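Since the structure comes first, as structure tokens, the remarks are kept for the end.
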Amino acid sequence: MTDSGKPTLLVVDGHSLAYRAFFALPVDNFSTKDGQHTNGIYGFLSMFVNLVKAEQPTHLAVAFDTSRHSFRTDQYAEYKANRSESPAEFKGQIPLLQECLAALNVTVLTKEGIEADDILATLATRGAADGFDVLVCSGDRDTIQLVTDDVTLLYPSVQGVSQLKRYTPDAVVEKYGLPPANYPDIAALVGETSDNLPGVPKVGEKTAVKWLTQWGSLENLIANADKITGVVGGNLRDHLDDVTRNRSLNALLRDVELEVTPADLALRPIDAQAVRDIFARLEFRTLLPRVFDSFGTGDDELPAAAVVAIPTAATPAADALGAWATDAEGDVAVSVVVAGGLPTRIGLAAGDDVVEADWSPEVAAALTAWFESDAPKVIADAKPQVKALRRAGVRLRGLAFDPLLAGWLERPSFPDKSLADLVQRHLDEKLPEADPTQLVPETEGATPGQLAWFAGRVAAVQRDEIAPSVASVLTDIELPTLDALADMELAGVAVSHEKLSGFSAELLARADGVARLAFAEIGREVNLGSPKQLQEVLFDQLALPKTRKTKTGYSTDAAVLADLQESNPHPFLDLLLQHREATKLRQIIESLDAAIGNDRTTPDDGRIHTTYVQTGSQTGRLSSTDPNLQNIPIRTEESRRIRSAFEVGAGYETLLTADYSQIEMRIMAHLSGDPGLIEAFNSGEDLHRFVGARVFGVEPAEVTPAMRTKVKAMSYGLVYGLSAFGLSKQLRIEQSEARQLMTEYFARFGAVRDYLRSSVEQARVDGYTETIFGRRRPFPDLTSMNRVLRENAERAALNAPIQGSAADIMKIALFRIHDQLRTEGLASRVLLQIHDELVVEVATGEWDAVERIVHDRMGDAAELSVPLDVQVGRGADWDEAGH
DNA sequence: CGATATACGTA
DNA sequence: CGTACGTATATCGA
């Protein structure tokens with residue numbers, strides 16, 4: 001609202017301003033880590049939030065061009081024909097910018113065949129007529145014609161988009177000598193180079209203004225053209241057609257048919273969660289507070305009714321609670337409040353019927369039968385709650401839906417991290433949350449009954465939206481897996497502090513010794529853990545040749561150091577590598593040692609309890625945190641000492657490891673149907689030897705180690721979308737040789753290439769890839785104009801069905817093994833999953849049964865056109881068992 | 001103190 | 001210019 005008391009309508013030309021920002025801001029500083037350029041988006045939004053803050057509009061819209069083609073190009077094919085195609089890097093930013101504006105709940109207007117400025121002109125004209133103060137923000141000079149007492153133009157100055165010049169009628173007269181309505185007349189005479197509209201030769205602004213002042217109007221001037229003297233007069237007479245055409249083209253349309261009226265454009269609360277999401281994707285950080293400052297946080301404006309309508313939970317007595325649960329029909333949503341790993345309070349919701357109770361032996365007794373029945377239950381983020389119940393002696397069954405898992409399956413690239421996020425996204429409501437920074441929070445958080453109620457409602461919406469194949473992955477794979485993971489986390493794995501601490505001391509001493517030698521080589525002490533200081537030593541002091549560039553200088557990673565050692569041998573390089581190795585191993589040991597018995601939710605049992613993050617990857621794999629037990633070293637003899645510290649626990653007989661051999665290549669054989677590859681797996685021959693024989697045209701027995709290494713790298717590289725360049729680099733061979741290798745490979749295994757090509761092509765059409773079991777991963781960037789982005793997406797899309805199918809298969813094997821061990825009454829238990837390997841703790845006397853179960857269930861987890869080969873090992877510790 | 005960059009462990 | 005992860009340290013700016 002302005003001083004005048006009138007509402008203020010701000011209309012913005014998104015295209016022209018983003019375009020200016022695109023050229024004003026260095027692209028290097030505005031790119032995401034996967035290569036999406038964001039300079040135009042950032043520049044526009046930065047200007048836009050400032051503008052909104054400064055002008056406080058009550059109504060707001062942003063208009064965009066749809067394409068280069070418009071009614072003007074129909075009238076005059078040469079219109080803007082001199083403009084070079086706008087760069088692909090810019091075009092790719094427009095949809096993302098529009099996504100940002102949608103999150104801000106700002107109306108975006110486009111119309112086929114109409115330019116953004118015509119939309120602005122129409123809105124400005126109608127707005128002024130409807131009693132608005134209108135602000136037009138555009139980078140196109142033609143919009144000067146829109147300026148009136150009610151319409152002000154904000155035009156970016158040469159300094160950049162952040163500096164806007166205000167054009168009122170007076171300001172226009174001051175600059176051009178004529179009122180705004182005459183500006184198109186001037187422009188018609190002078191011409192507009194940027195629009196490819198030539199004017200009258202030798203006539204500039206001064207002459208044009210003089211003529212127009214003298215003759216009053218353009219029509220009158222044209223009518224009296226024969227009275228103009230001099231060369232310019234002749235030029236005018238020769239170019240009257242151009243002038244008329246220019247004037248016709250530079251008149252903005254003021255009556256474009258739009259879906260909206262100015263009154264429809266009232267400022268609306270932003271969708272804070274959507275803004276956070278898109279800004280996170282674009283890696284904008286500083287912009288978020290500025291947006292909240294200009295547009296509000298969207299919080300206070302959320303539908304209050306929904307918050308008010310949250311049911312209040314009844315708190316029945318324990319026995320009534322049991323009856324309530326048993327009698328409930330359909331899904332019952334459950335929310336267990338967990339403290340110190342144990343349940344403290346519980347909420348249940350069946351529809352809008354909500355109950356809750358403090359956890360007590362009586363409540364547990366009343367509900368156990370129901371908990372352990374098949375009655376369907378919905379729990380958001382179920383695993384920690386399932387674990388808490390198990391610690392309290394209740395084995396939950398009948399888990400039918402977890403909104404967090406469902407949300408991840410639908411959108412694995414950006415999973416919602418909490419029930420609050422899901423409530424925002426699916427219900428467009430706000431989950432009441434206590435402010436954790438306040439000792440006595442002003443706002444009460446939701447009670448467990450209310451949390452359950454929200455979870456149930458989110459689940460209902462998700463069930464409607466979820467694709468059938470994704471729903472089956474949830475029901476048939478993820479939920480059973482969750483159950484197994486809960487037990488694995490509770491079980492933990494025994495790790496010997498004694499074995500670790502001795503080794504750690506040894507490595508510390510070695511690292512110190514190596515460091516001293518390294519310092520002696522360079523005559524000073526530096527921090528060997530600082531890439532920055534190392535760069536000084538290597539490239540300045542020792543003047544070694546510069547290596548691969550990084551953002552902050554030159555790389556000093558192990559591959560680079562090995563290259564340097566070969567080309568410019570220096571004792572320091574080797575010492576540095578040794579130091580890195582020793583300190584790295586020591587770090588790992590120290591963090592493992594610190595993790596023994598450190599699970600706050602479990603008494604110290606001398607074991608490490610990792611947490612598997614079921615939503616931790618985009619492909620369907622698990623991830624492991626606190627600590628990560630999926631990246632324990634194995635490659636060097638020495639590092640295997642760490643694995644030997646993972647031991648069979650007291651009361652158990654031995655560890656069993658079981659891993660799939662070459663599961664990804666087998667999946668590739670299955671998906672591609674390549675006869676050669678399928679034969680390779682059915683022949684019983686070593687895979688790489690078989691492939692090597694085919695590729696190099698020799699007998700399998702004649703495949704040399706060098707040949708085997710090459711085809712092995714090639715085979716694995718295929719799964720990752722490896723190029724000839726990458727292959728040559730990895731194998732340290734010429735690119736021509738790598739290309740030759742690839743050609744030979746595909747000549748023998750052509751169906752593999754056909755499959756890889758067609759699967760990416762299919763993903764481009766569908767927008768997502770799918771595993772054998774129907775798990776999907778979206779790939780919006782496959783159609784990106786940005787080449788880096790697109791090619792990255794292509795490689796990931798190539799890999800996703802393969803890695804994802806392997807993950808599906810392992811999950812199926814895992815929960816089947818877990819279930820069968822239990823149903824057969826065996827005490828043995830699965831402890832760890834490392835993508836294609838399981839570690840099982842085998843109870844005394846159970847080896848034969850367990851070995852059979854693990855081997856068979858892994859082997860028959862999926863029916864492929866090639867067998868699934870499972871290698872089983874046995875030993876008192878992980879290292880021993882791993883052979 | 002939090003975010004970023006680099007380096008490195010696994011499948 | 002090879003996919004998918006998590007974690008440690010150094011460094012820089014708020």
Side-chain angles (χ1 to χ4, degrees), chain A residues 33-35 283 285-286 289 412-413 526-535 547-561 576-577 579-581 583-592 594-595 610-613 615-636 639-640 642-643 659-665 668 713-731 735 738 756 769 777 787-788 791-804 806-807 810 832-838 882:
Chain A
K33 59 177 184 301
D34 35 309
E283 297 171 14
R285 278 162 284 269
T286 53
S413 60
V526 295
N527 183 346
L528 295 176
S530 162
K532 196 172 167 233
Q533 293 180 38
L534 285 176
Q535 285 173 38
T547 60
R548 177 170 58 85
K549 273 209 173 87
T550 66
K551 279 188 184 174
T552 55
Y554 298 93
S555 174
T556 68
D557 70 20
V560 155
L561 294 180
L576 175 56
L577 281 168
H579 183 265
R580 283 243 179 98
E581 198 180 332
T583 48
K584 180 77 183 177
L585 280 184
R586 196 176 151 268
Q587 276 166 11
I588 293 170
I589 290 164
E590 287 300 311
S591 62
L592 286 176
T610 186
T611 302
Y612 289 103
V613 185
T615 58
S617 79
Q618 302 196 49
T619 52
R621 277 188 176 183
L622 302 173
S623 75
S624 158
T625 62
D626 300 317
N628 180 358
L629 295 186
Q630 291 180 321
N631 69 344
I632 304 302
I634 191 172
R635 286 188 188 166
T636 65
S639 69
R640 269 178 237 133
I642 297 178
R643 291 205 167 207
D659 63 273
Y660 283 117
S661 53
Q662 297 129 355
I663 188 170
E664 293 190 338
M665 281 302 287
M668 177 95 98
M714 169 86 202
S715 289
Y716 278 101
L718 278 180
V719 180
Y720 302 144
L722 187 68
S723 62
F725 178 88
L727 188 63
S728 74
K729 224 175 112 173
Q730 197 203 316
L731 290 172
Q735 259 196 72
L756 292 172
T769 59
R777 177 172 172 189
R787 205 183 80 178
V788 176
E791 291 181 347
N792 286 344
E794 283 170 354
R795 286 191 301 274
L798 197 105
N799 175 262
I802 300 170
Q803 189 184 118
M810 178 49 113
L832 302 176
Q833 188 257 40
I834 309 97
H835 308 308
D836 65 1
E837 173 186 5
L838 294 178

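Chain naming here is simple, since letters A, B, ... match the order of the sequence lines and numbering starts at 1 in each. All heavy atoms count here, side chains included; hydrogens, waters and symmetry mates do not. Since this is a predicted model, take the numbers as computed values, not measurements.
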Checklist line | Nucleotide nearest Lys532(A) when distance is taken to its side chain, options dC12(C), dA3(B), dT9(C) | finding: dC12(C)
Note to self: Taking the minimum atom-to-atom distance to the side chain of Thr625(A), which one of dG6(C), dC5(C), dT6(B) wins?
What the structure shows: dG6(C)
Examine the side chains of [X] and [Y] and answer whether a donor and an acceptor come within less than 3.5 Å of each other.
X	Y	value
Ser624(A)	Thr610(A)	yes
Thr556(A)	Arg580(A)	yes
Thr619(A)	Gln803(A)	yes

In this structure, how many angstroms lie between the [atom2] atom of [N] and the [atom1] atom of [X], rounded?
X	N	atom1	atom2	value
Tyr554(A)	dA5(B)	OH	P	18 Å
Leu629(A)	dC5(C)	CG	P	18 Å
Lys549(A)	dT6(B)	NZ	P	13 Å
Lys551(A)	dT4(B)	NZ	P	10 Å
Leu576(A)	dT6(B)	CG	P	17 Å
Leu718(A)	dT3(C)	CG	P	14 Å
Arg285(A)	dC12(C)	CZ	P	18 Å
Gln533(A)	dC12(C)	CD	P	10 Å

Margin query: Quick check on dA5(B): is either OP1 or OP2 less than 4.0 Å from any side-chain nitrogen or oxygen of Thr552(A)?
Written below: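 For dA5(B), neither OP1 nor OP2 has a side-chain N or O of Thr552(A) closer than 4.0 Å.
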Check: Under 4.0 Å: is that the gap between some side-chain N or O of Thr619(A) and OP1 or OP2 of dA4(C)?
Finding: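 Checking Thr619(A) against dA4(C): no side-chain N or O falls below 4.0 Å of OP1 or OP2.
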Considering only heavy atoms from C-beta outward, does the side chain of [X] approach that of [Y] to under 4.5 Å?
X	Y	value
Gln533(A)	Leu528(A)	no
Gln630(A)	His835(A)	yes
Asn799(A)	Val719(A)	yes

Margin query: Once you apply a heavy-atom cut-off of 4.0 Å, does Arg586(A) come out as touching a base, just sugar-phosphate, or nothing?
Written below: nothing
Margin query: Considering every strand and a 4.0 Å limit on heavy-atom distances, what is the contact class for Asp659(A): base, sugar-phosphate, or nothing?
Written below: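 The residue Asp659(A) makes no contact with any strand.
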Polar atoms only, N or O, under 3.5 Å: list the protein pairs with nucleotides 8-11 of chain B and their distances.
residue: dC8(B); atom: OP1; partner: Arg580(A); partner atom: NH1; Å: 3.0
residue: dC8(B); atom: OP2; partner: Ala558(A); partner atom: N; Å: 2.9
residue: dC8(B); atom: O2; partner: Lys584(A); partner atom: NZ; Å: 3.4
residue: dG9(B); atom: N2; partner: Asn631(A); partner atom: ND2; Å: 3.2
residue: dG9(B); atom: N3; partner: Asn631(A); partner atom: ND2; Å: 3.0
residue: dT10(B); atom: OP1; partner: Ile634(A); partner atom: N; Å: 2.7
residue: dT10(B); atom: OP1; partner: Arg635(A); partner atom: N; Å: 3.0
residue: dT10(B); atom: OP2; partner: Arg635(A); partner atom: NE; Å: 3.4
residue: dA11(B); atom: O3'; partner: Ile834(A); partner atom: O; Å: 3.3
residue: dA11(B); atom: O3'; partner: Asp836(A); partner atom: N; Å: 3.1
residue: dA11(B); atom: O3'; partner: Asp836(A); partner atom: OD1; Å: 2.8
residue: dA11(B); atom: O3'; partner: Asp836(A); partner atom: OD2; Å: 3.3
residue: dA11(B); atom: N3; partner: Arg621(A); partner atom: NH1; Å: 2.9
residue: dA11(B); atom: N3; partner: Arg621(A); partner atom: NH2; Å: 3.3

Next item on the list: For dC1(C), give its Watson-Crick or G-U wobble partner with both distances under 3.5 Å, or none.
Entry: none
Check: Is the backbone of Ser555(A) close enough, under 3.5 Å, to the side chain of Thr547(A) for a donor and an acceptor to pair up by distance?
Finding: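 Yes, because the side chain of Thr547(A) sits within donor-acceptor range (under 3.5 Å) of the backbone of Ser555(A).
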